[in-house]
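First the structure, in the form of structure tokens, and then the observations on it.
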Number of protein chains: 2
Amino acid sequence: MRGPELDRLIGLLARLPGLGPRSARRVALKLLLDPSGRMLPLAAALSDAAHAVRACANCGNLDSTDPCAICADPDRDVGLVCVVEGVGDLWAIERAGAHRGQYHILGGTLSALAGTGPEDLTIAHLLERVATGAVREVILALGATVDGAATAHYLADRLDASGVAVTRVAQGVPMGGALEVLDDGTLTAALRARRPLPR
Amino acid sequence: MRGPELDRLIGLLARLPGLGPRSARRVALKLLLDPSGRMLPLAAALSDAAHAVRACANCGNLDSTDPCAICADPDRDVGLVCVVEGVGDLWAIERAGAHRGQYHILGGTLSALAGTGPEDLTIAHLLERVATGAVREVILALGATVDGAATAHYLADRLDASGVAVTRVAQGVPMGGALEVLDDGTLTAALRARRPLPR
């Protein structure tokens with residue numbers, strides 16, 4: 001009843017993360033209300049990004065330049081490499097302005113369940129970057145999950161011989177978090193990692 | 001840090017209904033994982049739909065043909081016109097297979113608050129369709145809101161002189177609905193519209 005173009009558009013929109021058939025129909029209708037103002041610009045933006053954006057050969061970040069803007073920035077500390085699972089993690093850390101060094105996108109975590117082994121991640125490339133001698137410290141900023149922790153331990157083992165410092169981000173009570181609603185794992189980690197108050 | 005193409009894409013995605021900056025970033029990342037398989041097809045589908053889809057001159061439905069597939073279908077009853085606020089309502093009724101006649105897209109409801117008057121809706125065109133003499137019954141399938149009810153009364157008044165039958169969809173307990181969770185308005189409407197059980 002809708003014509004093949006509209007059905008195809010709704011089908012593709014429905015497969016995006018967070019959208020289903022119902023939201024895809026709503027999005028398609030909204031876009032159709034203003035085809036030249038909203039729909040064609042979005043089509044052009046998708047096409048432009050698909051052609052321009054690539055993975056940085058140094059760190060794996062997505063950018064329209066290679067090396068990416070972060071790797072090319074002379075003000076960033078080459079000796080400090082923050083290892084993250086994906087580009088979304090890098091974006092979150094950059095939004096927080098919490099890191100002044102470079103990154104390394106791992107491409108996931110080791111996972112026995114999903115069958116992800118070391119060769120599926122960019123671990124070999126990380127060891128190469130460290131072997132150049134320019135890296136002073138590797139910060140592991142992986143998720144606080146079983147797979148994240150296993151991956152962190154595996155990476156620490158592999159990096160051990162290089163003599164580089166290996167650290168990982170702290171676990172504890174999130175900012176603004178009430179203790180009573182926190183899960184047992186977070187509470188245990190926060191108590192174990194307690195630190196003296198500065199006086 | 002992301003390059004202008006990616007920033008522009010995320011900005012446009014974030015303005016879609018139901019998406020915000022966070023989901024827009026997730027959608028963009030997901031699409032970038034498979035640019036030629038998912039991103040370019042979506043760009044093409046948006047562009048195709050923007051160029052092909054238009055409003056049916058007869059009923060206002062969105063389709064790639066004009067008149068739309070519903071108006072062009074000889075099996076549908078031209079004498080039975082279902083008036084809906086928008087194309088999304090038409091899609092819902094068609095999914096239910098609940099109507100064998102044609103439609104008329106009103107383009108919204110009358111609203112003193114939003115400043116929507118009769119001239120902002122396709123009311124004049126509905127009166128023209130009725131004046132051709134082909135229409136036997138006009139079914140008002142507007143939302144059960146204050147504006148929807150006011151619009152239904154206004155339309156019934158305007159259609160009065162034409163001698164055409166004007167009906168509106170029933171209000172009551174939705175299928176699968178428990179009485180105890182229903183609002184007062186629905187309960188009142190359902191009790192008022194009670195009907196004898198068939199024996």
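Basis for what follows: all heavy atoms, side chains included, without hydrogens, waters or symmetry-related copies. Naming convention: chains lettered A, B, ... in sequence-line order (proteins, then strands); numbering from 1 in each chain.
Counting non-hydrogen atoms of other residues, nucleotides and ligands closer than 6.0 Å to CG of Leu191(A) gives a total above 12. Within 6.0 Å of atom CZ in Arg22(B), 12 or fewer heavy atoms from other residues, nucleotides or ligands are found, so the atom counts as exposed in its surroundings. Heavy-atom contacts from other residues, nucleotides or ligands closer than 6.0 Å to CG of Asp183(A) number more than 12.
Between Leu46(B) and Leu46(A) there is a side-chain heavy-atom pair separated by less than 4.5 Å.
For the atom pair CD of Glu94(B) and CZ of Arg2(A), the computed distance is 10.0 Å after rounding to the nearest 0.5 Å. From Arg26(A), atom CZ reaches atom CG of Leu16(B) across 10.5 Å, with rounding to the nearest 0.5 Å. Remark: Asp63(A) CG to Glu5(B) CD distance equals 8.5 Å, nearest 0.5 Å.
Neither Val78(A) nor Ile105(A) shares a network with the other; the hydrophobic side chains, linked directly or stepwise wherever heavy atoms of I, L, V, M, F, W or Y lie under 4.5 Å apart, form separate groups for each. Connection of Leu140(B) to Ile93(B) is not established within any shared hydrophobic cluster, with ILVMFWY side chains joined at heavy-atom distances below 4.5 Å, either directly or through further cluster members. Tyr103(B) is not connected to Val138(B) by any chain of hydrophobic side-chain contacts under 4.5 Å among Ile, Leu, Val, Met, Phe, Trp and Tyr, and they are in different clusters. Both Val130(A) and Leu142(A) belong to a common hydrophobic cluster when Ile, Leu, Val, Met, Phe, Trp and Tyr are linked at side-chain heavy-atom distances under 4.5 angstrom. Linking ILVMFWY residues whenever their side-chain heavy atoms come closer than 4.5 Å, directly or via other members, places Val164(A) and Val83(A) in the same cluster.
No donor-acceptor distance shorter than 3.5 angstrom exists from the side chain of Arg15(A) to the backbone of Arg38(B), with no hydrogens or angles considered.
Neither the backbone nor the side chain of Arg54(B) comes within less than 4.5 Å of any heavy atom of chain A. At a 4.5 Å heavy-atom cutoff, Leu33(A) makes no contact with chain B through either its backbone or its side chain.
When each of Leu42(B), Leu12(B), Leu32(B) is checked for heavy-atom pairs under 4.5 Å with chain A, Leu42(B) comes out on top. For the set Pro35(A), Ser64(A), Gly86(A), the count of heavy-atom pairs under 4.5 angstrom toward chain B peaks at Ser64(A). Among the candidates Leu19(A), Val27(A), Leu13(A), Asp48(A), the residue making the largest number of heavy-atom pairs closer than 4.5 Å to chain B is Val27(A). The greatest number of non-hydrogen atom pairs below 4.5 Å with chain A, out of Pro4(B), Ala52(B), Ala45(B), is found for Ala45(B). The most heavy-atom pairs under 4.5 Å with chain A, out of Ala49(B), Gly18(B), Ser36(B), come from Ala49(B). Highest contact tally toward chain A, considering only Ala55(B), Gly88(B), Pro41(B), is held by Pro41(B) [criterion: heavy-atom pairs under 4.5 Å]. No other option in Leu31(B), Thr65(B), Leu29(B), Val53(B) has as many heavy-atom pairs under 4.5 Å with chain A as Leu29(B).
Considering every non-hydrogen atom in both Ala50(A) and Met39(B), the closest pair reads N-CE, 3.9 Å.
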>> Let's go through Arg95(A) and Arg25(B) carefully: what are the C-alpha distance in whole Å and the side-chain angles of both, what is the deciding distance for side-chain contact (heavy atoms from CB on, under 4.5 Å) to 0.1 Å, and is it a yes or a no?
In response: CA-CA 12 Å; Arg95(A) 273 200 305 283; Arg25(B) 288 193 295 264; 3.0 Å; yes

